[in-house]
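What follows is one structure encoded as structure tokens, with my remarks underneath.
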Amino acid sequence: EDTFHADVVLIWHANPAYTRIPYFHYLTEARYKGATIVLIAPDMSPSATHADIFVPVKGGTDAALALAMCRVVIDEGLMDSEFVATQTDLALLVRNDTGTLLRAADMTEGGSEYGFFVWCDNVGLTPTASDTLFLEHRAVLSGTFEVELADGSIVEVAPAFERLTQRLEDYSPEAAAEVCGVNPSVIVDLARRVAGGRTKLYEGFDTSKHYHGDLMERAMNLLLALTGNWG
């Protein structure tokens, strides 16, 4: 059903015209409904002739492409901030001294290893609930704050999103283009398309055949998370 609900379909690490023929007609019918089909692949596969946009990428460099798209989404203010703050772990506070999530065990003797924290507007340090992803107050996604640990020491903490934006500084469209071979203007256009409509990721099993393929998948899923395209 999500194929028919999509405005954009990213075929990534897949060639469904050849490997999933019984499904492929859904993509064709989605195009009749107005969806844009994008094939991201190093080769002009049989699926390319049935796509609206073909993006040739150097093999094994998909993470750079996806992370550059993530940076465009953030830099151009296209991110779904409400979704990111409530439905992802990017609002969770991370200790700057250890790079690990701030946990209840850090804050109180006998605290849980599974208790996490966010920083909320007008409230400050706020524990997350175990039964819901929603908070009574809005969690911030940027900034650096100080908290006192159970042993009395003071450490700086920041939302995971703050650390993400620092990491993405290395992935401008121009820098990523040097790695993945995709023109910067194409990277920007793809990012805007993903953020501008309901986007479905049709991913094949090929990432699992690559070294660090899990990081490729995480980068792709991060793109969906930043644009509120889960579910």
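We use all heavy atoms of the structure for the numbers below, so side chains are in, but hydrogens, waters and symmetry mates are not.
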Show the nearest heavy-atom pair for residues Trp12 and Leu65, with the distance to one decimal.
CZ2-CD2, 3.9 Å
Once you round to the nearest 0.5 Å, how far does CD of Glu169 lie from CZ of Arg71?
7.0 Å
For Glu109, I'd like to know if atom CD has over 12 heavy atoms of other residues, nucleotides or ligands within 6.0 Å.
no
Test item: Asn221 and Arg218 side chains (from C-beta on) under 4.5 Å apart, heavy atoms
no
Got Met220 and Thr207 here, is their nearest side-chain heavy-atom distance under 4.5 Å?
yes
Any His137 side-chain heavy atom under 4.5 Å of Thr126 side chain:
no
Nearest 0.5 Å, please: how far is CG in Leu125 from CD in Glu148?
11.5 Å
Side chain to side chain contact (heavy atoms under 4.5 Å, CB included) between Thr3 and Tyr23, worked out:
CA-CA 10 Å; Thr3 305; Tyr23 165 83; 2.8 Å; yes
Between Phe83 and Trp230, what is the ring plane arrangement, given parallel below 30°, perpendicular above 60°, and tilted in between?
perpendicular
Is Val155 close to Leu149 at the side-chain level, that is, under 4.5 Å between some pair of heavy atoms?
yes
Does any part of the side chain of Met107, heavy atoms only, come nearer than 4.5 Å to the side chain of Leu102, both counted from C-beta?
yes
Distance in Å, Ser153 OG paired with Asp97 CG, rounded so as to fall on 0.5 Å steps:
7.5 Å
If hydrophobic clusters are built by linking Ile, Leu, Val, Met, Phe, Trp and Tyr wherever their side-chain heavy atoms come under 4.5 Å apart, do Tyr202 and Ile37 end up in the same one?
yes
For residues Leu39 and Ala14, report the shortest heavy-atom separation together with the two atoms involved.
CD1-O, 3.7 Å
Heavy-atom side-chain contact between Leu78 and Thr227 under 4.5 Å:
no
Interatomic spacing from CG in Asp2 to NZ in Lys200 - rounded to 0.5 Å
3.5 Å
For Gly196, is there any backbone N or O sitting under 3.5 Å from a side-chain donor or acceptor partner on Asp7?
no
Enclosure of Tyr114 OH (heavy-atom neighbours >12, cutoff 6.0 Å)
no
Spacing of Glu162 atom CD and Leu90 atom CG [to the nearest 0.5 Å]
12.0 Å
Any side-chain to backbone donor/acceptor pair from Arg198 onto His5? Under 3.5 Å, distance only.
yes
Are Arg163 and Asn96 close enough, and set up right, to give a side chain to side chain contact (heavy atoms under 4.5 Å, CB included), and what steps lead you there?
CA-CA 9 Å; Arg163 299 171 70 90; Asn96 286 343; 3.3 Å; yes
What is the ring orientation for His210 with His13, classed by angle as parallel under 30°, tilted 30 to 60°, or perpendicular over 60°?
perpendicular
Correct closest heavy-atom pair for Ala177 and Ile187 would be N-CD1, 4.3 Å
As a quick check of understanding, evaluate side chain to side chain contact (heavy atoms under 4.5 Å, CB included) for Val84 and Leu226, giving each step before the final call.
CA-CA 6 Å; Val84 171; Leu226 294 177; 4.1 Å; yes
With distance as the sole test, does Arg138 use its side chain to make a donor-acceptor pair with the main-chain N or O of Ala85 at under 3.5 Å?
no
Counting C-beta onward and ignoring hydrogens, is there a side-chain heavy-atom pair between Phe24 and Ile21 closer than 4.5 Å?
no
Can you hop from Leu215 to Leu222 via hydrophobic side chains spaced under 4.5 Å?
no
Within a reach of under 6.0 Å around CD of Glu178, are more than 12 heavy atoms found that belong to other residues, nucleotides or ligands?
no
Ser172 side chain to Ala175 backbone, donor-acceptor under 3.5 Å:
yes
Measuring from atom CG of Asp106 to atom OG1 of Thr98, what distance do you get when rounded to the nearest 0.5 angstrom?
7.0 Å
What about Trp119 and Leu92, same hydrophobic cluster or not, with Ile/Leu/Val/Met/Phe/Trp/Tyr joined at side-chain heavy-atom distances under 4.5 Å?
no
Closest heavy-atom pair, Ser47 versus Ala17, reported as atoms and distance to 0.1 Å, is OG-N, 3.0 Å
Please determine whether residues Leu201 and Leu190 belong to a single hydrophobic cluster, defined as Ile, Leu, Val, Met, Phe, Trp and Tyr linked transitively by side-chain heavy-atom distances below 4.5 Å.
yes
Apply the test side chain to side chain contact (heavy atoms under 4.5 Å, CB included) to residues Val179 and Lys58: give CA-CA distance (whole Å), side-chain angles for both, the deciding distance (0.1 Å), then the verdict.
CA-CA 8 Å; Val179 177; Lys58 292 180 182 178; over 6 Å; no
Considering only heavy atoms from C-beta outward, does the side chain of Leu101 approach that of Leu93 to under 4.5 Å?
no
When hydrophobic residues are tied together by side-chain contacts of less than 4.5 Å, even through go-betweens, does Phe161 share a cluster with Leu168?
yes
Least distance between heavy atoms, Phe116 atom then Arg103 atom
CE2-NH1, 3.4 Å
Determine whether a donor-acceptor pair (N or O, by modelled atom type, separation under 3.5 Å) exists between the side chain of Asn229 and the backbone of Thr199.
yes
Where do Ala48 and Phe54 come nearest, in terms of heavy atoms and distance?
CB-CD1, 4.2 Å
